[in-house]
K.L.:
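One structure coming up, written as structure tokens, with questions to follow.
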Amino acid sequence: MPVGGEGEGPPTKRREVLAAAGASAVAALLAQSAAESAMFGQRWEESDLGSTTLEHLDLEVQRFGLSYLHTPPEQLFVQVRECRQRVSVMVAGRQTLGQRQHLCVVGGWLSGLMGSLALDLGDSAVAHAHCLTAWQLATESGDARLGGWVRGTQAMIAFYTGDAADALRYALAGLDVAPRNSFVQTRLLAQLGRAHARLGDADGVSVAFARAEDSFESVTEKASHSIFSFDYPYLPFYAGTAYTALARPEKARTFAQQAVTLCDAAAVNWPVARALARVDLALAAVRQKEPDKACAVTVEALEICATERPLELIVRRTGEVVRELRPYKELSSVRDLHERQTSLARTVRGAQRTPSDPGASSAAHDRQADIL
């Protein structure tokens, strides 16, 4: 009688049968997994986006950047926000992995624009919230240019709201990620110079702007006159503001006058730089005991603000000149300037309100599909 029992056959033969059955099961499993893998890969090739959708979004972001300085901020804010809402709807649908990353980058640029516009509209808290979202999307997408630009915008917001330590921190963090030989890098170095000025570090200012000049000379991309670019007149403009903050009126006057001359002579119009460079020039004149000169230049800044770019930031900075002119309040030019500045401030602040954006304060903590 066989050891294995009736009908089971010799042990060697039985092992061969079992091995064959096992091999067959493994082969079937492998074949099934290959089919599943093909289906899994196909899932990431499926998309609800049209063939030119992403290209159109890129063009829209470029258009926003080019029209930034010549479109009322409250109007552009609404346009940019509507575009970001469309991107949010797209994110909720199906995209390939590459398309999803592309949407992430577009959403980052749009969020950064909304942050910059919120600052223009006088709401630094909303500006910070949108920039946090933009930085999150830059990090998730790994886009160095977006990340560097967002850090530069955060540094600008911190500088103008008086937070020198944050301005320095953001500028340095941006330089860690910004592409070399880019306008993003140049802008960050100029922001770094301003931050050092707020901290009273004269050597830091000199080094930062020397590096910014070198960076500008090494840039390989073409200036586009966009908010995303950095044209040459901005270097003396940033330097003038830095030396104004550093209380060095001689240097501030030199750089601010250079910025005014370059901006006024350029074919393209930079209304904010033209106005704020005049503010720096006026503050230098006050500190050099030339009140009438300070008044005349500030009136020019107010006219640019009133007719070309009515911004809270320009109003606030012309207010700095008015305050520094208090020792000369008996002069008719100073009294006239005070009336003009007060009237324009009332007009601008009455007309500009940050457009309704209830989700901005918590945007940075939402998931990508919710914040785009």
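Numbers here are sequence positions counted from 1. Values below: all heavy atoms of this structure, side chains included; hydrogens, waters and symmetry mates excluded. Quick caveat: nothing in here was measured; it's all calculated off a predicted structure.
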K.L.:
What do the steps show when you test S116 against Y68 for side chain to side chain donor-acceptor pair (under 3.5 Å), and what is the final call?
P.N.:
CA-CA 10 Å; S116 189; Y68 188 101; 2.7 Å; yes

K.L.:
Are any side-chain N or O atoms of R145 and backbone N or O atoms of A178, one a donor and one an acceptor, separated by less than 3.5 Å?
P.N.:
no

K.L.:
Which word best sums up how the rings of W109 and W149 line up, parallel for under 30°, tilted for 30 to 60°, or perpendicular for over 60°?
P.N.:
tilted

K.L.:
Sequence neighbours excluded, which residues qualify as side chain to side chain donor-acceptor pair (under 3.5 Å) partners of S215?
P.N.:
Q185, T186

K.L.:
Does the separation of the ring centres of Y238 and F230 fall below 6.0 angstrom?
P.N.:
yes

K.L.:
At what distance, to the nearest 0.5 angstrom, does CG of L283 lie from CZ of R317?
P.N.:
6.0 Å

K.L.:
Tell me the closest heavy-atom pair linking C305 and V315, and the distance in Å.
P.N.:
SG-CG2, 4.2 Å

K.L.:
Would you indicate whether the side-chain heavy atoms of C83 and F64 approach each other to under 4.5 Å?
P.N.:
yes

K.L.:
Consider side-chain contact (heavy atoms from CB on, under 4.5 Å). Of V91, L49, T53, which one does Q99 pass it with?
P.N.:
L49

K.L.:
Taking T52 for the side chain and E55 for the main chain, is one N or O donor matched with an acceptor at less than 3.5 Å?
P.N.:
no

K.L.:
I'd like to know if the side chain of R287 and the backbone of T244 have a donor-acceptor N/O pair within less than 3.5 Å.
P.N.:
yes

K.L.:
Residues in ring-ring contact (aromatic ring centres under 6.0 Å, His included) with Y160, at least two apart?
P.N.:
none

K.L.:
Using 4.0 Å as the upper bound for N to carboxylate O, is an ion pair formed by D166 and R198?
P.N.:
no

K.L.:
Does this structure show an ion pair linking R323 with E320, if we count only N-O contacts that are shorter than 4.0 Å?
P.N.:
no

K.L.:
Is it true that a side-chain atom of Q95 and a backbone atom of M90 form a donor plus acceptor pair closer than 3.5 Å?
P.N.:
yes

K.L.:
Check for a donor-acceptor pair, side chain of S88 on one end and backbone N or O of R84 on the other, with a separation under 3.5 Å.
P.N.:
no

K.L.:
Closer than 3.5 angstrom, by distance alone: can the side chain of D120 be matched with the main-chain N or O of L311 as a donor-acceptor pair?
P.N.:
no

K.L.:
How long is the gap from OG1 on T153 to CD on Q191, to the nearest 0.5 Å?
P.N.:
8.0 Å

K.L.:
Do F237 and F255 make the cut of ring centroids closer than 6.0 angstrom?
P.N.:
no

K.L.:
Is there side-chain contact between L192 and R211, with heavy atoms separated by less than 4.5 Å?
P.N.:
yes

K.L.:
So, T139 side chain and W135 main chain: donor-acceptor pair closer than 3.5 Å or not?
P.N.:
yes

K.L.:
So N181 and T220, side chain to side chain donor-acceptor pair (under 3.5 Å) or not? Walk me through it.
P.N.:
CA-CA 6 Å; N181 304 326; T220 54; 5.9 Å; no

K.L.:
Quick one: does E290's side chain get under 4.5 Å of R253's, heavy atoms only?
P.N.:
yes

K.L.:
Before accepting this row, confirm whether a basic side-chain N of the pair R86/E60 lies closer than 4.0 Å to the acidic partner's carboxylate O.
P.N.:
yes

K.L.:
What I'd like to find out is whether the side chain of H70 reaches to under 4.5 Å of the side chain of P271, using heavy atoms alone.
P.N.:
yes

K.L.:
Just by distance, do the side chain of R194 and the backbone of A190 share a donor-acceptor pair under 3.5 Å?
P.N.:
no

